[in-house]
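Note: hydrogens, waters and symmetry copies are ignored here, and every other heavy atom, side chains too, is used.
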Amino acid sequence: MTHSPSSWQRLRAESRITFTLALPIAIGQLASMAMSVVDSLLAGRHGPITLAAVAVGSAIWSLALLICVGLMMAIPPTVSQLNGAGRRAEVGPVWRQALWLALAVGLLLQAFMRWSPQLLVWMQIAPEVLAPATAFLHAISWGAPALALFFATRYLSEGLSWTQPTLVFGVAALILLIPIGAVLLFGYGPIPELGAAGLGYATAIVMWLEFIAFAAYLQHSSHFRDLGLLSRFEWPNFKVIRELLVLGVPMGIAIFMEGSLFVATALFIGRLGAVDVAAHQIALNVASASFMIPLGVALATTVRVGHAVGAGDVSAVRWAMRAGLLLVLVTQTLSALMLVFGGQVISSWYTDDAAIAGLAATLMIYAAVFQYPDGIQALSGGALRGLKDTTVPAIITVFAYWAVGLSSGIYLGLVLGLRAPGFWIGLSIGLSVAAVLLFLRFRRALDKLTRQ
């Protein structure tokens, strides 16, 4: 397919806009990921039991976070379509209903976190780890409402194509967590040593500060002043909330199933011994960090597609997807090269054990293979969210990740004896199936939109 010079100019212009939107999101996502790293580093200095307790508690907290992210992801396509259609006056009322939804979700997650130590009992966690892990979960549960409210504010800003605050507040929260976490963990002056619970309280405090600061910014920033976001009080409008849930629930299910797939994979690899588990964790940590880049592109594409749909410009939808695809191909090529040629060096940052480092570097080569399908499935999912098409994509991802990816990994890793590499080949197969099916789904949706 050939393009005229004007077409290439359009592609470059759209790519520049998408990149400008995506970069702050990606860095903000990395900062959010780094908060768990800070918790782990601080916990490790306190002692091995505290580290184990925080690791166990953080795993459960991450599942709650995935649900929250998925449900609140209904906000960007909703507000971007309203903005694209020139209906900015409707953004404020929708967002106020999104706050009610976020508050309800946050309170439910808080209740779940306070109950979740029962899961640890069921999992037969060692008694010396169970008590501090329970304290951590109870402490961090106070931040659950703030987490949901923060995502409601963040996704409003991103949906209106203003992503810089995601970077600023994400990095600020990360920096703030270090001193607050250290003080509450070890104690200082009149503040007693709280151990693992201290890190939970620190994370909760930072999340409340992050939400309050972001909400104050939205209220006073010139970018949002015409929306009157907090200008009035409105009781819940269940019709609007239901519309948000229709979009958000499938996304919440899809994101939860994707995240829990990696948890399940880690549990199966856990049968293979300490070397496989440690290598898997290192490679997964690096692959997850690199995934933040295509995820940022996907979230930016959601906004661009949603804005184009609202404006009734089908051509702009097509160009938004092309620009996202170009950026994903470039960024994933760089990630793949880093994983292939830098895997051994990166592994050595995590461990001095030659066996673990060698296997982790091998797994990173498998991760390099699925960089392209991983990027394309993320991008296609983001574009479909911009079209408010979420139910079928959720079914596709559950099928691809669990029915194809995990079952392939179990067969290759355990039945055929390929061990950890077999599971990573299974992940590659699952992601490839998701990439193909989601991309075809977008093409079909675009054709349907063109005919309208």
Side-chain angles (χ1 to χ4, degrees), residues 32-69 103-151 173-174 176-188 190-211 252 256 259-260 262-264 266-267 270 274 277-278 281 284-285:
S32 296
M33 280 186 62
M35 291 181 73
S36 64
V37 176
V38 168
D39 280 343
S40 296
L41 290 174
L42 290 173
R45 290 185 173 274
H46 191 263
I49 292 178
T50 302
L51 177 59
V54 170
V56 170
S58 295
I60 294 178
W61 174 249
S62 68
L63 296 178
L65 187 148
L66 290 173
I67 296 172
C68 183
V69 167
L103 181 61
V105 170
L107 291 174
L108 287 173
L109 290 178
Q110 182 179 21
F112 167 74
M113 296 301 295
R114 298 194 70 80
W115 170 84
S116 62
Q118 296 300 319
L119 290 175
L120 304 185
V121 175
W122 176 72
M123 294 168 62
Q124 299 182 342
I125 297 298
E128 65 271 18
V129 176
L130 179 61
T134 298
F136 174 83
L137 288 167
H138 284 170
I140 202 172
S141 71
W142 294 105
L147 178 72
L149 291 167
F150 167 74
F151 277 113
L174 176 63
L176 197 59
L177 179 62
I178 298 172
I180 295 177
V183 167
L184 295 181
L185 174 67
F186 296 103
Y188 184 80
I191 300 175
E193 178 181 343
L194 297 177
L199 287 176
Y201 285 122
T203 303
I205 290 169
V206 168
M207 284 188 292
W208 275 109
L209 292 174
E210 190 175 19
F211 161 63
F256 176 80
S260 58
F262 288 96
V263 174
L267 292 175
V277 172
Q281 190 58 39
L284 181 60
N285 188 260

> Which distance, rounded to the nearest 0.5 Å, do you find between the CG of L176 and the CD of E210?
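If I round to the nearest 0.5 Å, the distance is 9.5 Å.
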> Drop me the distance from T134's OG1 to R114's CZ, to the nearest 0.5 angstrom.
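It comes to 11.0 Å.
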> Roughly how far apart are F112 CZ and S141 OG, rounded to 0.5 Å?
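Output value for this atom pair is 11.5 Å.
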> Return the minimal non-hydrogen interatomic distance between I60 and S116, and the atom names on each side.
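Where I60 meets S116 most closely, the heavy atoms are CG2-CB, 3.8 Å.
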> According to side chain to side chain contact (heavy atoms under 4.5 Å, CB included), who are the partners of S32, at least two apart in sequence or on a separate chain?
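For S32, no residue satisfies side chain to side chain contact (heavy atoms under 4.5 Å, CB included) once neighbours in sequence are set aside.
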> Kindly write out the residues that satisfy side chain to side chain contact (heavy atoms under 4.5 Å, CB included) with I191, not counting sequence neighbours, or none if the list is empty.
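So I191 forms a side chain to side chain contact (heavy atoms under 4.5 Å, CB included) with V183, L184.
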> With sequence neighbours left out, what residues match L42 under side chain to side chain contact (heavy atoms under 4.5 Å, CB included)?
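Applying side chain to side chain contact (heavy atoms under 4.5 Å, CB included) to L42 gives V38, A182, L185, L199.
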> Please name the pair of heavy atoms, one in G143 and one in A204, separated by the smallest distance, quoted to 0.1 Å.
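In this case the closest contact between G143 and A204 is N-CB, 3.5 Å.
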> To check you understand the geometry: which heavy-atom pair defines the closest contact between A148 and C68, and what is its length?
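In terms of heavy atoms, the two residues are closest at CA-SG, 3.3 Å.
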> Any chance you could measure Q118, atom CD, to L137, atom CG, to the nearest 0.5 Å?
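Here the interatomic distance stands at 11.5 Å.
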> Give the minimum heavy-atom separation between E193 and F186, together with the two atoms involved.
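Looks like CB-O, 3.4 Å.
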> Strictly distance-based, threshold 3.5 Å: is any side-chain N or O of W208 a donor or acceptor partner for the main-chain N or O of W142?
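Side chain of W208 to backbone of W142, a donor-acceptor pair under 3.5 Å: yes, one is there.
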> Taking all non-hydrogen atoms of both residues into account, name the closest pair between M113 and H138 and its distance.
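So the minimum-distance heavy-atom pair works out to O-CD2, 4.4 Å.
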> Closest approach of G181 and A202, non-hydrogen atoms and distance?
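Result for this residue pair: CA-CB, 3.5 Å.
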> Does F151 reach the side chain of V105, with side-chain heavy atoms less than 4.5 Å apart?
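No, every pair of side-chain atoms sits at 4.5 Å or beyond.
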> Out of L209, V206, I205, which residue meets the side-chain contact (heavy atoms from CB on, under 4.5 Å) rule with L177?
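Between L177 and the candidates, side-chain contact (heavy atoms from CB on, under 4.5 Å) is satisfied uniquely by V206.
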> Just verifying a value: how many Å separate M35 CE and I178 CD1, rounded to the nearest 0.5 Å?
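One finds 10.0 Å between CE of M35 and CD1 of I178.
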